Amino acid sequence: MAFVITSPCSFEKSAECVEVCPVDAIHSGNEMYYIDPDICIDCAACEPVCPVQAIYAEEDVPEKEKEYMNKGSGRPFSNVANGTKQLKF
């Protein structure tokens with residue numbers, strides 16, 4: 001399991017999540033932050049500090065936010081740095 005940052009983060013980028021992540025799994029994209037699932041240790045430190053409630057455990061992502069997950073593997077997008085969602089395979 002990893003955590004996923006969803007649409008409420010778009011253009012918000014408050015960075016509280018970045019500050020509390022003990023393994024630097026959260027990275028900045030053009031419009032929002034994203035969590036690298038290969039680095040995330042599932043500590044959940046990011047979830048309660050998000051001011052817009054955009055962070056969910058993979059299995060708890062609301063249906064309307066599922067586009068922020070790779071449909072093939074259930075893993076979060078690995079990169080939104082260029083402003084487009086790119087799937088990690």
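This one's a predicted model, so the numbers in the text were calculated from it and none came from an experiment.
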ask   = Do you know the tightest heavy-atom contact between Lys66 and Val61?
value = CE-O, 3.3 Å
ask   = Between Cys17 and Ile55, which heavy-atom pair has the shortest distance, and what is it?
value =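 Looking at all heavy atoms of both residues, the closest pair is CB-CD1, 3.8 Å.
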task = For Glu65 and Ser7, indicate whether the former's side chain and the latter's backbone hold a donor-acceptor pair under 3.5 Å.
result = yes
request  = Measure from the side-chain N and O atoms of Ser10 to the backbone N and O of Met32, and report whether any donor-acceptor pair falls under 3.5 Å.
outcome  =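 Between the backbone of Met32 and the side chain of Ser10 there is no qualifying donor-acceptor contact (under 3.5 Å).
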inquiry  = Taking the side chain as everything from C-beta on, heavy atoms only, tell me whether Ile26 gets closer than 4.5 Å to Cys46.
reply    = yes
Partners passing side-chain contact (heavy atoms from CB on, under 4.5 Å) against [X] (at least two apart in sequence or in another chain):
X     : value
Pro48 : none
Val20 : Ala45, Val49
Cys40 : Ala2, Phe3, Ala25, Ile35, Asp42

ask   = Sequence neighbours excluded, which residues qualify as side chain to side chain donor-acceptor pair (under 3.5 Å) partners of Glu16?
value = none
key: Residues that Ser14 engages under side chain to side chain donor-acceptor pair (under 3.5 Å), provided they are two or more places apart   =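 Side chain to side chain donor-acceptor pair (under 3.5 Å) check on Ser14 returns Glu12.
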task = Could you state whether Val52 and Ile5 fall into the same hydrophobic cluster, counting links through intermediate Ile, Leu, Val, Met, Phe, Trp or Tyr residues with side-chain heavy atoms under 4.5 angstrom apart?
result = no
key: Gap between atom OH of Tyr33 and atom SG of Cys9 - 0.5 Å precision   =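 So the SG of Cys9 and the OH of Tyr33 are separated by 7.5 Å.
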request  = Nearest 0.5 Å please: distance from the OH atom of Tyr56 over to the SG atom of Cys50.
outcome  =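 Those atoms lie 8.5 Å apart.
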